[in-house]
Chemist: 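Have a look at the structure that comes next, please.
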Amino acid sequence: MNGAHEAGGGARYLRTLLIVVGVVGAVVLSGYLAGRIPGRPSAGPRTAPQTTPKPEAAPTETPGRPAAQRFAPARQPVTGPNRPPLPAERGGPFGSRRTTGTHTVALTFDDGPDPKHTPETLELLRRHRIKATFCLVGVNAKAFPGLVKAIADDGHTLCNHSWDHDISLGARSRATIRANLIRANNAIRAAAPGSRVSYYRQPGGAWTAGVVGVARELGMTSLHWIVDPQDWRKPSAGSIAGTVNASTRRGAIVLLHDAGGDRRGTVIALRSILPNLSRRFQLGALPPGTDAPRRHGFELPVKPGQI
């Protein structure tokens, strides 16, 4: 009995020893893993969790920076040499452009040049350092070539507005449309040699597939608009300015007139429009397009030693 009792006591001692060793091993292993597993703190004094403040978001607009920097335009989608500078736009009549395709807002002036209102318009644009696009009627370009040159010399973009402001031009034969547009282009280029005429605006906005197609064949983008204060109806200057200032959005093409009648209201409205829009948007002339490379010995003089 004593031997059996001693054997049983030894077994109980061995079991107790194994349990103690197992518990100690589990504690040691858990401490080791706590220091190795990412995201779990290692052993040490517990402290209150520290909260890292989130960085403040960068301001979307820095006060004091000029509008030209705050609203820098994206690259213009110029299509290539001797082609329309801007491609057709979905939503414009027959693919004509209603927007610039970038954040830039384009002011456009129709029916000129006019001996009274065009110089007044140019002076205001010069004062505010704004470039625009002038849609010129051929007969007026021929009558006032000095004004066409002044527009080009100031860095504004030139646009063909037909030879004689024929609202029904788009309904005529393609040969008639072509002759009309070429005649107007020739008058503009004669007044401002070397200038590009890369846009066409149909009088009255009476677009057809035919006139848009002929303009494209002649390397011109058809130019519609999205903001129209209908200043040709001669509303008050306040009405013109209110419509333009309230309706203009990024990328808009704005229709105004510097000729075709008494445009005193438009000129007065520009005194509000120009500072208002220039504070809110990047204003600029539509891109004049690109020229094909000119070759020495052909379009350019021969280089020394070329022959």
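Here the structure is a predicted model, which means the values were calculated and not measured.
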Chemist: With side chains defined as the heavy atoms from C-beta onward, is the minimum distance between D114 and N140 less than 4.5 Å?
Modeler: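 No, every pair of side-chain atoms sits at 4.5 Å or beyond.
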
Chemist: What do the steps show when you test V211 against T208 for side-chain contact (heavy atoms from CB on, under 4.5 Å), and what is the final call?
Modeler: CA-CA 6 Å; V211 74; T208 64; 3.6 Å; yes

Chemist: Do you know which two heavy atoms are closest between P235 and I240, and how far apart they sit?
Modeler: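 Nearest heavy atoms, P235 then I240: CG-CG1, 3.6 Å.
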
Chemist: Are the side chains of S222 and Q202 in contact, using a 4.5 Å heavy-atom criterion?
Modeler: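 The answer is no, as the side chains (C-beta and beyond) never meet within the 4.5 Å cut-off.
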
Chemist: Do R183 and D164 sit within salt-bridge range, that is, some charged N less than 4.0 Å from a carboxylate O?
Modeler: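 Looking at R183 and D164, the cut-off is not met.
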
Chemist: When you compare the side chain of P275 with that of R279, does any pair of heavy atoms fall below 4.5 Å?
Modeler: yes

Chemist: Just by modelled atom types, is the L286 backbone N or O under 3.5 Å from a matching donor or acceptor in the T157 side chain?
Modeler: yes

Chemist: Looking only at atom types and distance, does a side-chain atom of R178 sit under 3.5 Å from a main-chain N or O of R174, one as donor and one as acceptor?
Modeler: no

Chemist: Passes side-chain contact (heavy atoms from CB on, under 4.5 Å), M220 versus V214? Steps please.
Modeler: CA-CA 9 Å; M220 294 185 289; V214 171; over 6 Å; no

Chemist: Tell me the closest heavy-atom pair linking V197 and C159, and the distance in Å.
Modeler: CG1-C, 4.1 Å

Chemist: Quick one: does N276's side chain get under 4.5 Å of I273's, heavy atoms only?
Modeler: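 Not in contact.
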
Chemist: Determine the minimum heavy-atom distance between A237 and G265, stating which atoms define it.
Modeler: CB-O, 3.4 Å

Chemist: Starting from the C-alpha separation in whole Å, work towards a yes-or-no answer on side-chain contact (heavy atoms from CB on, under 4.5 Å) for W225 and R98.
Modeler: CA-CA 4 Å; W225 57 84; R98 300 175 71 238; over 6 Å; no

Chemist: Between H224 and W207, how do the two ring planes meet: parallel, tilted or perpendicular, split at 30° and 60°?
Modeler: perpendicular

Chemist: Drop me the distance from W163's CH2 to N186's CG, to the nearest 0.5 angstrom.
Modeler: 9.0 Å

Chemist: Can you confirm whether the side chains of T266 and D258 place a donor and an acceptor under 3.5 Å from each other?
Modeler: no

Chemist: Evaluate the side-chain proximity of V105 to I253: yes if any heavy-atom separation is below 4.5 Å, no if none is.
Modeler: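 Not in contact.
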
Chemist: Any donor-acceptor pair under 3.5 Å linking the side chain of H156 with the backbone of I151?
Modeler: no

Chemist: With distance as the sole criterion, is a donor-acceptor pair present between the side chains of S239 and S236 under 3.5 Å?
Modeler: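 No, no side-chain donor-acceptor contact under 3.5 Å.
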
Chemist: Can you name the nearest heavy-atom pair linking G138 to A187, along with the distance?
Modeler: O-CB, 3.8 Å

Chemist: Below 4.5 Å, heavy atoms only, C-beta onward: do L283 and T104 meet side chain to side chain?
Modeler: no

Chemist: Does some side-chain heavy atom of T133 sit less than 4.5 Å from a side-chain heavy atom of F109?
Modeler: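 A side-chain contact under 4.5 Å is absent here.
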
Chemist: Please say which of N160, T221, L255, L136 ends up in a side chain to side chain contact (heavy atoms under 4.5 Å, CB included) with R201.
Modeler: L255

Chemist: Give a yes or no answer on whether the side chain of S173 reaches the backbone of T176 with a donor-acceptor pair at less than 3.5 Å.
Modeler: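 Yes: the side chain of S173 pairs with the backbone of T176.
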
Chemist: Take T243 and D231 through the side-chain contact (heavy atoms from CB on, under 4.5 Å) test and state the conclusion after the steps.
Modeler: CA-CA 10 Å; T243 299; D231 58 338; over 6 Å; no

Chemist: Search all heavy atoms of L122 against all heavy atoms of A150 and return the closest pair with its distance.
Modeler: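 Heavy atoms only, the tightest pair is CD1-CB, 4.2 Å.
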
Chemist: Hey, is NZ on K131 packed in by over 12 heavy atoms from elsewhere, all under 6.0 Å?
Modeler: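 More than 12 heavy atoms, drawn from other residues, nucleotides or ligands, come within 6.0 Å of this atom.
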
Chemist: Does a salt bridge link D262 with R264, judged by any charged N lying under 4.0 Å from a carboxylate O?
Modeler: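 The answer is yes: the pair qualifies as a salt bridge.
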
Chemist: Do I188 and F134 have side chains that get closer than 4.5 Å, going by heavy atoms?
Modeler: no

Chemist: Can you tell me if T99 and E89 form a side-chain donor-acceptor pair at under 3.5 Å?
Modeler: yes

Chemist: Looking only at heavy atoms, which two atoms of L86 and Y199 are closest? And how far apart?
Modeler: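 Nearest heavy atoms, L86 then Y199: CG-OH, 3.9 Å.
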
Chemist: Ignoring hydrogens and angles, tell me if any N or O in the side chain of R83 forms a donor-acceptor pair with the backbone of G219 under 3.5 Å.
Modeler: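 No, R83 side chain to G219 backbone: no donor-acceptor pair under 3.5 Å.
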
Chemist: Mind running salt bridge (charged side-chain N to carboxylate O under 4.0 Å, His left out) on R172 and D166 for me, showing each step along the way?
Modeler: CA-CA 10 Å; R172 307 189 190 284; D166 181 2; 2.7 Å; yes

